[in-house]
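Report on one structure; see the data block that follows.
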Protein chains: 2
Amino acid sequence: MSGEMGMFISYLKKKDLKLTDQRKIILDVFLKTERHLSVEDLYNIAKKKDSSIGQATVFRTLKLLREADIAKEVDLGDGKTRYEHKYGHEHHDHLVCLECGRSIEAVDSKIERLQDGLCRKHGFLPQRHKMEIFGICKKCR
Amino acid sequence: MSGEMGMFISYLKKKDLKLTDQRKIILDVFLKTERHLSVEDLYNIAKKKDSSIGQATVFRTLKLLREADIAKEVDLGDGKTRYEHKYGHEHHDHLVCLECGRSIEAVDSKIERLQDGLCRKHGFLPQRHKMEIFGICKKCR
DNA sequence: TTGATTTTGAAATTCAATATCAATTATAGC
DNA sequence: GCTATAATTGATATTGAATTTCAAAATCAA
Ligand SMILES: [Mn+2]
Ligand SMILES: [Mn+2]
Ligand SMILES: [Zn+2]
Ligand SMILES: [Zn+2]
């Protein structure tokens, strides 16, 4: 059992929620993908494992995975919410290619430090941030 | 006539589009606001000047203002697109208060420089970026 | 003024996301 | 294992922002 499955089981127990086959399948599908997939993407993959799974359950389960700190919402500017792995992954920002749509994960500790400084200068208490740089990736140049 | 109105007239002429009363009113309303307003907000203000104005026209006109580099779309993470003044305004990032919803405009030239460096390191050609820090503002602390 | 072309507002439509609800399922206690 | 209770499910309807459609109205170059 992966660390994430254990986390999910604990989270469900804590909240008096139930571990269902659908939830297991959706977490499994989510963990096996490395890209930033939309709910619809994940739904289409999950359907192959259990054709009776409904879209609503996928939406609901991804919300649970977010609450359990297993998944993180990513908004790359197209209309739909995407999800990425959170557990065991450091904070990072995104370089989003306008040509091919892929996104590179990157982080610069100096930027992170300066962001805190910028907040302090404005008397602002930072909790989280989002930095996305849009442009053209190496492969598409 | 403000610089923006002149820009808008030139843009419309260049694209063989027409200058209508509705477009004038909507630009006027937009220029008189300093906050980041949603289309619905702007629609409600515009209706007071001309009660026959429709929502679709406000959506369409703000898209034109964006194309003319007069307005800039701002996505502060609630479901709706907001707009801010672009002409005559330097690039800036946003510190968004999770308590009161207001946003502080801020910029740090060191961060901007490091962002370029981060892109270079990944062979990525940056075109634009978005940085939003969510937290609690001075007043709400 | 004319008339081709664009624009308009109301209404219909799209699309992601959420809510509703009756039927099904998980699970704690026996 | 059974049972009772509460949670979950998938189909369907609904929401809300944004877009499209379309016939009537307005713009503006000639
Ligand atoms: Mn990522
Ligand atoms: Mn701003
Ligand atoms: Zn690319
Ligand atoms: Zn505040």
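Residue numbers start from 1 in every chain, and the chains themselves are labelled A, B, ... in the order their sequence lines are given, proteins ahead of strands. Any value given below was found using the heavy atoms of this structure, including those in side chains, with hydrogens, waters and symmetry copies removed. Here the structure is a predicted model, which means the values were calculated and not measured.
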Readout for nucleotides 10-23 of chain C: B = base within 4.0 Å of protein heavy atom, S = sugar-phosphate only, - = neither; 5' to 3' it is ------SBBBB---

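- No donor-acceptor pair closer than 3.5 Å links the side chain of A/Asp28 to the backbone N or O of A/Lys24.
- Applying the 4.0 Å criterion to OP1 and OP2 of C/dT6, one finds that B/Arg23 has every side-chain N and O outside that range.
- The distance from atom CG of A/Asp78 to atom C1' of D/dA18 is 15 Å, rounded to the nearest whole Å.
- Atom P of nucleotide D/dT5 and atom NZ of A/Lys18 are separated by 12 Å, given to the nearest angstrom.
- Between the P atom of D/dC28 and the CG atom of B/Leu12 lies a distance of 9 Å, rounded to the nearest Å.
- To the nearest angstrom, P of D/dA7 lies 16 Å from NZ of A/Lys13.
- Between B/Arg82 and B/Glu73 no salt bridge is recorded (no basic side-chain N to carboxylate O distance below 4.0 Å).
- For the pair B/Lys15 NZ and C/dT6 P, the interatomic distance rounds to 13 Å; values are reported in whole Å.
- Sorted by first and then second residue, the ring-ring contact (aromatic ring centres under 6.0 Å, His included) pairs involving residues 103-140 of chain A (not counting sequence neighbours) are A/His91-A/His129.
- Residues in residues 11-62 of chain B take part in these ring-ring contact (aromatic ring centres under 6.0 Å, His included) pairs, two or more places apart or across chains: B/Phe30-B/His85, B/His36-B/His94.
- A/Asp16 has its CG atom 14 Å from the C1' atom of C/dG29, to the nearest Å.
- Under a 3.5 Å cut-off, the side chain of B/Arg23 and the backbone N or O of B/Lys18 do form a donor-acceptor pair.
- The shortest distance between the side-chain N/O atoms of A/Thr20 and the OP1/OP2 oxygens of D/dA7 is not below 4.0 Å.
- Distance CG (A/Leu17) to P (C/dT25): 19 Å, rounded to an integer number of Å.
- Computed from coordinates, the B/Ile9 CD1 to C/dT6 P distance equals 19 Å when rounded to whole Å.
- Counting only distance, with no hydrogens or angles, the side chain of A/Ser51 and the backbone of A/Lys47 share no donor-acceptor pair below 3.5 Å.
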